[in-house]
Amino acid sequence: MITVAEALALQTWAVVGATDNPAKFGCKIYKFLKEAGYQVYAVNPGLTEILGDTCYPSLADLPVKPDGVDVVVPPRVALQVVSQCAELGISTVWLQPGANADEVVEAAQKLNLDVIHDSCIMAEIRNQSR
């Protein structure tokens with residue numbers, strides 16, 4: 001089981017559901033993590049670039065294995081994401097509000113992933129820096 005503080009200490013993150021739409025949390029979270037100093041990779045099969053950075057179609061396409069994955073997609077997609085994390089050996093998953101349906105949390109736990117599912121990563125980073 002990972003704590004929020006331990007998760008926030010991880011340096012490399014992938015944001016699954018990253019988007020170039022500034023009104024959506026996939027964009028806000030990606031930008032926020034970058035500006036907070038994390039190494040961040042965007043994952044969205046529908047885009048090739050976000051904020052001038054390469055956007056990758058899947059976790060398997062990333063040039064490095066991230067320390068953690070922030071999930072900003074609907075639960076039916078999030079179920080696939082947690083399976084991919086387990087297959088790729090990525091143990092830390094942060095399920096954002098909206099992605100954190102009970103069945104997704106349970107699937108991640110059954111796969112022995114360290115899952116955070118009851119808060120927003122942006123809110124937690126802001127809390128840490130107070």
Side-chain angles (χ1 to χ4, degrees):
M1 181 79 186
I2 193 167
T3 66
V4 167
E6 290 167 336
L8 295 180
L10 302 175
Q11 291 302 303
T12 306
W13 285 85
V15 178
V16 176
T19 179
D20 56 0
N21 181 341
K24 296 199 169 229
F25 277 101
C27 183
K28 292 175 184 180
I29 291 167
Y30 180 76
K31 183 178 180 192
F32 187 90
L33 289 173
K34 276 186 62 158
E35 291 173 352
Y38 292 93
Q39 183 178 3
V40 190
Y41 293 92
V43 178
N44 184 329
L47 297 170
T48 57
E49 187 178 288
I50 293 177
L51 301 176
D53 300 331
T54 301
C55 184
Y56 298 89
S58 75
L59 290 170
D61 294 309
L62 295 175
V64 300
K65 183 173 93 173
D67 300 320
V69 174
D70 188 83
V71 182
V72 196
V73 293
R76 62 180 172 73
V77 180
L79 284 168
Q80 298 167 358
V81 174
V82 297
S83 293
Q84 289 170 357
C85 288
E87 290 168 16
L88 297 169
I90 303 166
S91 61
T92 300
V93 177
W94 194 305
L95 299 173
Q96 288 294 135
N100 62 347
D102 291 345
E103 65 268 23
V104 182
V105 174
E106 290 167 14
Q109 291 169 337
K110 284 180 184 167
L111 292 165
N112 294 315
L113 299 176
D114 289 322
V115 59
I116 295 174
H117 59 86
D118 52 4
S119 62
C120 171
I121 196 168
M122 293 190 301
E124 293 296 342
I125 291 170
R126 285 186 191 116
N127 289 341
Q128 293 270 320
S129 61
R130 286 185 182 165

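For reference, positions follow the sequence shown, starting with 1.
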Check: Under a single-linkage rule joining Ile, Leu, Val, Met, Phe, Trp and Tyr whose side-chain heavy atoms are separated by less than 4.5 Å, which residues share a cluster with M1?
Finding: none

Next item on the list: Sort and list the pairs that fulfil salt bridge (charged side-chain N to carboxylate O under 4.0 Å, His left out) and have at least one residue in residues 104-122, not counting sequence neighbours.
Entry: none

Next item on the list: Using atom types as modelled and distance alone, determine if a side-chain donor or acceptor of K65 lies under 3.5 Å from a backbone N or O of I90.
Entry: no

Next item on the list: Start with the C-alpha distance between I50 and C55, add both sets of side-chain angles, then the distance that settles side chain to side chain contact (heavy atoms under 4.5 Å, CB included), and finish with yes or no.
Entry: CA-CA 6 Å; I50 293 177; C55 184; 3.8 Å; yes

Margin query: Minimum heavy-atom separation for L59 and A14, please, with both atom names.
Written below: CD2-CB, 3.8 Å

Next item on the list: Verify the cluster assignment for I116 and L79: are they in a single hydrophobic cluster under the rule of side-chain heavy atoms below 4.5 Å apart?
Entry: no

Note to self: If you define the side chain from C-beta out and look only at heavy atoms, does anything of I29 sit under 4.5 Å from D70?
What the structure shows: yes

Notebook entry, point to check: With D53, which residues qualify under side chain to side chain donor-acceptor pair (under 3.5 Å), at least two apart?
Noted result: Y30, K34

Checklist line | Minimum side-chain heavy-atom gap L111-S83 below 4.5 Å | finding: yes

Checklist line | Donor-acceptor contact below 3.5 Å, side chain D67 vs main chain L10 | finding: no

Checklist line | T12: side chain to side chain donor-acceptor pair (under 3.5 Å) partners, not counting sequence neighbours | finding: Q39

Next item on the list: Name all pairs fulfilling the side chain to side chain donor-acceptor pair (under 3.5 Å) condition that reach into residues 92-103, sequence neighbours left out, sorted by first residue then second.
Entry: none

Notebook entry, point to check: Considering all heavy atoms of both residues, which atom of L8 and which atom of Y38 are nearest to each other, and what is their separation?
Noted result: O-OH, 2.6 Å

Checklist line | Close side-chain approach of V105 and L95, heavy atoms under 4.5 Å | finding: yes

Item checked: Where I125 and A36 come nearest, the two heavy atoms and their spacing -> CG2-CB, 4.5 Å

Item checked: Shortest non-hydrogen separation from Y41 to P63 and the atoms involved -> CE2-CG, 3.6 Å

Next item on the list: Please round to the nearest 0.5 Å and tell me the distance separating atom CD of Q80 and atom OG of S58.
Entry: 11.5 Å

Item checked: Path from V77 to W13 over hydrophobic side-chain contacts below 4.5 Å -> no

Notebook entry, point to check: Should we count NZ of K31 as having more than 12 external heavy atoms under 6.0 Å?
Noted result: no

Notebook entry, point to check: Same hydrophobic cluster for V69 and L33, using side-chain heavy-atom links shorter than 4.5 Å among ILVMFWY?
Noted result: no

Next item on the list: Please name the pair of heavy atoms, one in V72 and one in G26, separated by the smallest distance, quoted to 0.1 Å.
Entry: CG1-N, 3.8 Å

Checklist line | Donor-acceptor under 3.5 Å (N44 side chain, G17 main chain) | finding: no

Item checked: Backbone of T3 reached by a side-chain donor or acceptor of E6 within 3.5 Å -> yes

Notebook entry, point to check: Would the number of heavy atoms belonging to other residues, nucleotides or ligands and lying under 6.0 Å from OH of Y56 be above 12?
Noted result: yes

Next item on the list: Check whether any side-chain N or O of E49 sits under 3.5 Å from a backbone N or O of L47 as a donor-acceptor pair, and report yes or no.
Entry: no

Note to self: Under the rule for side chain to side chain donor-acceptor pair (under 3.5 Å), what residues qualify as partners of E124, not counting sequence neighbours?
What the structure shows: S119

Check: Between V16 and V104, is there a shared hydrophobic cluster once you connect ILVMFWY residues whose side-chain heavy atoms come closer than 4.5 Å?
Finding: yes

Checklist line | Where V71 and V93 come nearest, the two heavy atoms and their spacing | finding: CG2-CG1, 3.7 Å

Check: Is the Lys NZ or Arg CZ of K28 less than 6.0 Å from the centre of F32's six-membered ring, within 45° of the axis?
Finding: no

